[in-house]
Amino acid sequence: MNVNVNDYLAVASIIFCIGALGVLIRKNLITIFLSLELMFNAANLGFVAVSEYLNLMSGDIFVIFIMVVAAAEAAILLGIAIAFYREKGTINIDKANELKM
Amino acid sequence: MNSKDLIVWLIPFFPLLGAILWGVFGKYFKNYSGYLGSIFIVISFILSTVIFFTVAYGHGFTSTLYPWIDASYFKVNISTTVDRLSVIMLVMVTGISSLVHIYSIGYMKDDKGFARYFSYLNLFVFSMIMLIMANNFLLLYVFWEAVGFCSYILIGFWYEKKSASNAGKKAFIVNRIGDFGFALGVMLIFVNMGTLSYSSVFSGIHLLPPYLITTIALLLFAGAIGKSAQFPLHVWLPDAMEGPTPVSALIHAATMVTAGVYLIARCHIIFSYSPDASNVVLIIGGTTAFIAAFIAMTQFDIKRIIAYSTISQLGYMFMAVGIGSYAAGIFHLVSHAIFKGLLFLTAGSVMHGMSGELDLRKMGGLYSKMKKTAITFIVGGLALSGIPPFSGFFSKDAILASLFNKGDYFFWIIGELVAFMTAFYIFRLIFNVFFGESHVDKNLHVHESPDVMTIPLIILACFAAVFGFIGLPPFDHSIFYNFINKDFANSFNFSPAVNNYPWYLLSTVSVIAGISGIYTAYVFYIKKSFNLEMLKKRFKTIYALSFNKLYIDEIYDFAIVKPMKNFSVFLWRVVDSFVIDGAVNGIAQWISVTSSKVRKVQNGMLMSYVFTLTVGVIALLAYYFVR
């Protein structure tokens with residue numbers, strides 16, 4: 001079975017859409033973070049696939065960077081989640097409704 | 001800078017120093033501001049006298065302090081011209097100012113604005129000195145406005161009084177009308193001559209076309225009409241009597257209001273090249289002299305009578321300069337400044353003794369209670385009526401004689417009529433205030449004013465009595481004429497003498513006019529040979545015209561003030577609140593309505609933001625692919 005770049009990109013798109021849907025429809029903050037991570041990694045998969053296809057290193061380097069940034073971001077997001085929990089007593093995203101004038 | 005220049009610049013320096021000191025540190029000086037302020041002005045007076053003799057026995061000169069504006073060909077210096085005309089004015093202004101300052105110490109005693117008053121008065125003297133000494137039109141204009149401003153703040157000195165602050169505003173606004181013309185005249189001079197300095201303007205004015213000279217002269221005269229309270233802009237001067245009386249004496253009788261006459265004498269070359277403009281000056285002067293005297297005959301407020309008298313006498317001066325007798329005009333200016341200053345100060349003294357009463361119907365028999373004031377007042381009255389040997393006789397006669405000898409019989413007759421009316425109204429005042437039975441309120445303690453007030457009166461009365469002798473007729477051989485006419489000799493004589501009647505014939509006519517005026521007043525108010533109420537009824541229309549000041553205020557109110565007010569109300573109600581406010585509020589309302597709709601997008605729900613974001617991205621991608 002010959003796996004070409006389009007297949008990789010199709011998988012990456014599917015994962016991305018699953019992640020995006022997760023962000024849109026889930027209410028639990030932690031689940032939303034997980035969905036976000038899915039979207040990141042879908043993008044990473046796309047980078048790696050195209051990088052391999054074009055025989056370039058730059059896509060791989062990007063992925064390393066994105067993973068580092070995502071790790072740092074995960075720490076921040078968890079911090080936010082804890083602070084949010086302390087404030088509201090829940091991590092239901094519907095309670096985050098004060099972002100308006 | 002040599003000593004002459006130093007003295008010249010010290011003359012305005014002292015009043016300016018005073019104005020700043022009392023204005024800024026007034027509360028530390030308190031009553032000393034009066035004494036020191038007077039001393040400053042006396043110093044200026046002494047310096048002016050020194051300069052007077054320097055010029056009298058030498059030559060006039062100009063002195064430049066520093067270049068003020070130097071913008072390519074537009075050059076204006078802060079510099080003075082010191083010639084015979086300006087030294088006479090200087091000595092007159094500083095002399096009368098000194099006496100008025102000393103008098104004010106007594107008059108304004110216990111006023112809570114004592115230091116403020118002296119600050120203003122010093123500022124006025126500074127501005128007036130600079131106006132006289134300026135040697136270009138811009139400097140003249142600046143200080144022309146400055147004296148107008150000082151007049152405004154001094155008329156409204158008791159600003160808590162509504163009528164006083166209104167009178168100040170009226171004076172300022174009416175003056176502004178004339179000054180607008182004056183400013184245009186100065187600009188016209190600059191546009192056509194490229195310079196504003198007196199010497200270059202006067203030496204080159206005859207090169208301009210005649211219509212331009214006439215326009216310039218008339219525009220300058222517009223300024224003079226406003227400042228010197230000539231018809232039709234005379235309405236501010238009677239109201240200006242709301243200010244303290246020494247202010248009326250100094251500014252509204254002796255100095256500032258004569259600035260108009262000074263302006264024409266100073267610009268006599270321009271006016272002598274324009275007989276048309278000079279004729280306008282003559283006609284305005286004659287009209288004003290007549291109507292002001294006519295109004296003065298029936299007024300009851302003693303300060304207003306003297307104010308109308310000032311307007312009328314200024315009319316005489318304008319007749320003189322209008323016919324080209326500049327020396328006679330200046331002579332009457334100086335002698336009028338002395339006796340009219342005296343009359344105002346004595347009126348102030350009467351007011352002081354009567355606790356502020358001004359209505360002559362509530363006076364009478366004051367002679368025995370305030371002898372010094374009464375005698376000095378009568379000296380002033382005789383001088384004003386032109387009874388020899390008082391100064392008014394010589395100066396008024398110099399004008400009347402030149403009117404007759406230059407063939408202007410109509411204005412000569414007007415002048416003689418005015419002389420009769422003048423004598424009548426001033427003696428009507430004297431008889432009603434100082435003689436006859438007393439109508440004074442029984443509770444009022446009438447008292448003579450303190451020495452600090454009466455001594456200036458006595459000094460002025462002495463001058464009013466003897467000053468005229470320097471103009472002994474025949475006028476064109478007198479000391480004064482020979483002194484000042486050197487300045488006017490270079491003007492073009494547009495109206496040569498056609499008669500040469502001896503002076504004593506003409507003087508007899510004016511003396512008869514004066515004495516018959518006094519006699520009429522005597523018959524009316526002392527002997528009471530006529531029933532005055534009957535006369536009033538018989539000549540009801542004329543009496544009403546005179547008593548109501550020819551309804552000029554009412555006409556202005558109807559023709560100018562009311563339409564302006566209505567127009568302003570229109571601008572306020574329609575243009576401002578409807579058009580402008582409507583536009584502003586409409587835009588605000590539209591934004592408010594629109595934003596209330598758009599605001600719903602920001603609902604604070606995190607999920608809806610994410611949703612919007614996603615939809616947006618999808619839309620962009622869709623657009624990208626579909627395109």
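Every chain is numbered from 1, with letters handed out A, B, ... down the list of sequences.
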Do any of residues 609-627 of chain B come closer than 4.5 Å to chain A, heavy atom to heavy atom, and if so which ones, in number order?
B/Y609, B/V610, B/F611, B/T614
Does CZ belonging to B/F74 count more than 12 external heavy atoms closer than 6.0 Å?
yes
Atom CZ of residue position B/R116 - does it have more than 12 heavy atoms of other residues, nucleotides or ligands inside 6.0 Å?
yes
Would the number of heavy atoms belonging to other residues, nucleotides or ligands and lying under 6.0 Å from NZ of B/K161 be above 12?
yes
Taking only residues at least two apart or on different chains, which pairs with a member in residues 582-606 of chain B satisfy ring pair (Phe, Tyr, Trp, His ring centres under 6.0 Å)?
none
If you take all heavy atoms of B/M607 and A/I32, which pair is closest and at what distance?
SD-CD1, 4.3 Å
Side-chain donor-acceptor distances from residues 44-59 of chain A under 3.5 Å, at least two apart:
from  : atom 1 : to    : atom 2 : distance (Å)
A/N44 : ND2    : A/N41 : OD1    : 3.3
A/S51 : OG     : A/L56 : O      : 2.4

Residues at least two apart in sequence or cross-chain that pass salt bridge (Lys or Arg N to Asp or Glu O under 4.0 Å) with B/K597, listed by chain then number, are none
